[in-house]
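One structure below.
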Amino acid sequence: MSSSAASSAAARRADDWRRTHTCGELRASHVGQRVTLNGWVHARRDHGGIYFVDLRDRHGITQVVLGAQFSEAVRLSSEDVIAVTGTVVARAPANVNAERETGAIELMAERLELLSKAKTPPIDVTASDLPALETRLKYRYLDLRRPAMQKNLVHRARFISAMRAAFEREGFIEVETPVLTKATPEGARDYLVPSRVHPGSFFALPQSPQIFKQILMVAGLDRYFQVARCFRDEDLRADRQPDFTQLDMEMSFVEEEDVFALWERVLVATFRAALGVELTTPFPRLRHAEAMERYGSDKPDARFGLELRDVAAWARKSEFKVFHGALERGGRVLALNAGNVPFSRKEVEELGAIAALGGAKGLAWWKADVGGGTGPLARFAAGPLAAELMSLLSAQAGDLCLFVADAQAVARKSLNEVRLHLRNKLRLVDPKQFAFRWVTHFPLFTRDEEGGRWFSEHHPFTAPEDWSLGGAGADPGALMSRSYDLVMNGWELGSGSIRIHRPEVQERVFEILGIGPEERQEKFGFLLEALSYGAPPHGGFALGLDRSAALTAGLDNIRDVIAFPKTASAADLMCQAPAPVRPEQLAEVHIQLAGQALKKSAP
RNA sequence: GGGGACGUAGCUCAAUCGGUUAGAGUACCGGCCUGUCACGCCGGGGGUUGCGGGUUCGAGUCCCGUCGUCCUCGCCA
């Protein structure tokens, strides 16, 4: 914008307040030019007789110098919006600000116009320390003025833009799918929207465009993608918002390796364009069972070792009753070697509290040594047992080894917590390293805790490894799925699967899930019918863009890459959503409040 | 729904064991200052200690309830 505006500068009226340049672009090469800048008053320095203003816009900060003739300048306050016309001048060498890109020059003001007055802001845009998140969310427009937040949003935009370009190069067609759609029976809670035209009926907001994208494959679109907003009415976390964004895609006539290779090309291109980072492909693949066994997690941080080891065989030989008890109850004895860490007794005991997060009742520790070592486990590691345990855990003398004996799920989860805690405490990882892993071979179904009905581990449209589903009477729990996750540095970045394209297989899966013929017809009749008109084998994937943008920006909370995020109770503090509505509005959509809702609604 | 942490000036925080008129920095307002860039100096205003109740001679501080924020477990196909 600046070049064309500047070139027409000769034609400008003298009182034209509109900018000729941004606040980030003036350099020594502009010295002598008459320019106009628009922006916010970032900081002021009044020296009586001479007055400095740091003028800020998204592009940068330029120092404006106002002479004694600008008596009105002293009434400027932070965050006022002004227009300044003047001449770009070189600073004396002693006055150059090397910290700032525009620091070699300054704008000698000749004309000053106040475009908009600002009240004293509740957020100091210039400060390095942050106000409470509550304040930041309420005055989000001020929070977003902070250069750090603008950097985050620009980063997100570049990341998505690069990814979109990559998909277009790969021949993918961007298709929008409805936001007002139909409730799904499984998975997360749906956000519902009442229908005015159809009394008593409701739309649901999509948890993902899953069914639509499969139908686009049936329709022959071949390669679809979309930057898709998804909605799930579940409780929030630092990495979870109720409305979030995915790069959603689907492709026809493919198997797993085609999807992996495509995404590896897309991610290589995206990281190169948006971050200047060269990723190494192919990303290592990890079976779900192996991930759980080595890391105790299905989304491992593979940037460091400290892997879990099974020490059951050793435990049986030892005299430690706690270990024996766990094994007798069908549990596991798992361990990890933290290495030679200089932990105090107190620090070691703190690890027990970390392990408890995963449900472990205790965390046994042992400072390894062939002579028997030290710690609570030392007296059970006498003689040859010490050397044997050291060998099992690849331990050197002095290494701290940690043990959990419990049910498999508890032992894994607890040691995973310990492992991640050690990562942070010992700074074991490089935040700039991106360790991608494809996690494959998930079970197709899992059972609820009571051992009652089966649930899809991924979703009910996921293809089984064996199209026959093991035949009649087979154990659903033994079936393998063709779903996959992409994990990076301990975060699940996305997931996908090869889908079921045969209606009879889809029917059988619904049957196992306990979705009867009537419900099947009502909820998915259209999908089953679509599959019956010639469906190509297809599969796809969806990448969480909020998480991806946050991780690549080095942030651990996705709110910092979302312009208008919600609080932990799913509220928008700026616009005060959700909010009660007028009774007439409710009547229009055939809704009557009851119970608690009635008490809390507007008067 | 459960657990933990927090809520004091516009903002960030302090306030000993329950005890004088709740302080500081910053921001804001007024004054001074011609080379600052976290400018500096002088002065000033600013408080329902989230809200409600209780204990006490006395509550920012202790107790109960409630609202809000964050993290987390459950939950999130």
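Letters A, B, ... are given to chains in the order of the sequence lines, protein chains preceding strands, and every chain is numbered from 1.
Counting non-hydrogen atoms under 4.0 angstrom, D239(A) reaches nothing in the nucleic acid. Base engagement by Q63(A) is indicated by at least one non-hydrogen atom pair under 4.0 Å involving a base atom. Counting non-hydrogen atoms under 4.0 angstrom, E106(A) reaches a base of the nucleic acid. Among the atoms of the strands shown, none is found under 4.0 Å from any heavy atom of F455(A). Looking at heavy-atom distances under 4.0 Å, R559(A) makes contact with sugar-phosphate atoms alone, never a base. Backbone-only engagement by K413(A) is indicated by non-hydrogen atom pairs under 4.0 Å involving sugar-phosphate atoms exclusively. Using a 4.0 Å heavy-atom distance criterion, I123(A) is classed as making no nucleic acid contact.
For the pair N557(A) and rC71(B), the criterion of a side-chain N or O lying under 4.0 Å from OP1 or OP2 is met. At least one side-chain nitrogen or oxygen of S569(A) sits closer than 4.0 Å to the OP1 or OP2 atom of rU69(B).
Across all their heavy atoms, D301(A) and L420(A) have their closest contact at CB-CD2, 4.3 Å.
Residue order along RNA chain B, read from the 5' end via each residue's closest nucleotide, puts E99(A) first among E99(A) and R237(A). Looking at which nucleotide of RNA chain B each of D46(A) and V65(A) is closest to, the 5′-most match is held by V65(A).
One P atom belongs to rU21(B), the other to rA59(B), and the distance between them is 12 Å to the nearest Å. Atom name P, nucleotides rC62(B) and rC71(B): the rounded distance is 25 Å, in whole Å. Remark: the separation of the C1' atoms in rG53(B) and rC76(B) is 39 Å, to the nearest Å. Comparing rG19(B) with rA5(B), their P atoms are spaced 23 Å from each other, to the whole Å. Going from the P atom of rG40(B) to that of rG50(B) covers 32 Å, rounded to whole Å. Taking atom P in both rC6(B) and rC64(B), one finds a spacing of 15 Å when rounded to whole Å. Across the P atoms, rC70(B) and rG47(B) are found 28 Å apart, a figure rounded to whole Å. Comparing the P positions of rG10(B) and rC28(B) gives an interatomic distance of 14 Å, to the nearest angstrom.
Between F510(A) and F461(A), the ring planes are perpendicular. Angles over 60° get that label, and only those under 30° would be called parallel. Ring geometry, W438(A) versus F260(A): the interplanar angle falls under 30°, so the pair is classed parallel (tilted spans 30 to 60°). Taking the six-membered ring for Trp and thresholds of 30 and 60 degrees, H501(A) and W467(A) have ring planes more than 60 degrees apart, a perpendicular arrangement.
S414(A) places a side-chain N or O within donor-acceptor distance of the main-chain N or O of A355(A), the cut-off being under 3.5 Å. Formation of a donor-acceptor pair under 3.5 Å by the D546(A) side chain with backbone atoms of A549(A) is not found in this model.
You won't find any donor-acceptor pair under 3.5 Å spanning the side chain of D124(A) and the base of rG10(B), going by distance alone. Put simply, the side chain of R232(A) and the base of rC76(B) share no donor and acceptor less than 3.5 Å apart. At a cut-off of 3.5 angstrom, the base of rC75(B) holds no donor-acceptor pair with the side chain of D235(A).
Taking a pair to require two hydrogen-bonding distances under 3.5 Å in either a Watson-Crick or a G-U wobble arrangement, rC41(B) pairs with rG31(B). Across all strands shown, rA5(B) is found opposite rU69(B) as a Watson-Crick or G-U wobble partner, with both distances under 3.5 Å. Pair check for rG46(B) finds none; no Watson-Crick or G-U wobble contact set falls under 3.5 Å. Under the Watson-Crick or G-U wobble criterion, with both distances below 3.5 Å, rG23(B) is paired with rC13(B). Across all strands shown, rG18(B) forms no Watson-Crick or G-U wobble pair with both key distances under 3.5 Å.
Remark: C1' of rU36(B) and CZ of R45(A) are 5 Å apart, rounded to the nearest angstrom. Between the CG atom of D233(A) and the P atom of rC75(B) there is a distance of 16 Å, given to the nearest Å. Going from atom CZ of R189(A) over to atom C1' of rG74(B) covers 11 Å, rounded to whole Å. In this entry the distance linking CD of E79(A) with P of rC11(B) reads 16 Å, nearest Å. In this structure, CG of L66(A) is placed 13 Å from C1' of rG35(B), rounded to the nearest angstrom. When rounded to the nearest whole Å, the span between CZ of R91(A) and P of rU36(B) equals 11 Å. Distance, I50(A) CD1 to rC32(B) C1': 16 Å, rounded to whole Å. One interatomic measurement links the two molecules: CG of L357(A) to P of rG2(B), which rounds to 20 Å at whole-angstrom precision.
Atom CZ of R136(A) is separated from atom CG of L142(A) by 12.0 Å, given to the nearest 0.5 angstrom. In this structure, CZ in F70(A) is found 9.5 Å from CZ in R111(A), a value given to the nearest 0.5 Å.
In this structure, E492(A) has no side chain to side chain donor-acceptor pair (under 3.5 Å) partners at least two apart in sequence or on a different chain. Applying the side chain to side chain donor-acceptor pair (under 3.5 Å) test to E350(A) and every residue at least two apart in sequence or in another chain returns nothing. D475(A) meets the side chain to side chain contact (heavy atoms under 4.5 Å, CB included) test with W454(A), A478(A); sequence neighbours excluded.
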Listed pairs, N/O of protein and of nucleotides 41-43 of chain B, under 3.5 Å:
none

Please write out the pairs of protein N or O atoms and N or O atoms of nucleotides 28-31 of chain B separated by less than 3.5 Å, giving the distance to one decimal.
residue, atom, partner, partner atom, Å
rC28(B), OP1, R44(A), NH2, 2.6

What N/O pairs connect the protein and nucleotides 12-14 of chain B at under 3.5 Å? Give each pair on its own line.
residue, atom, partner, partner atom, Å
rU12(B), OP1, A132(A), N, 2.4

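In the model, T87(A) has a side-chain atom that pairs as donor or acceptor with a side-chain atom of E110(A) under 3.5 Å. For the residue pair Q207(A)/D190(A), the side-chain donor-acceptor check at 3.5 Å is satisfied. A donor and an acceptor atom, one from each side chain of S77(A) and K117(A), are located under 3.5 Å apart.
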V35(A) and T85(A): CA distance, side-chain angles, deciding distance, side chain to side chain contact (heavy atoms under 4.5 Å, CB included) verdict: CA-CA 6 Å; V35(A) 303; T85(A) 300; over 6 Å; no
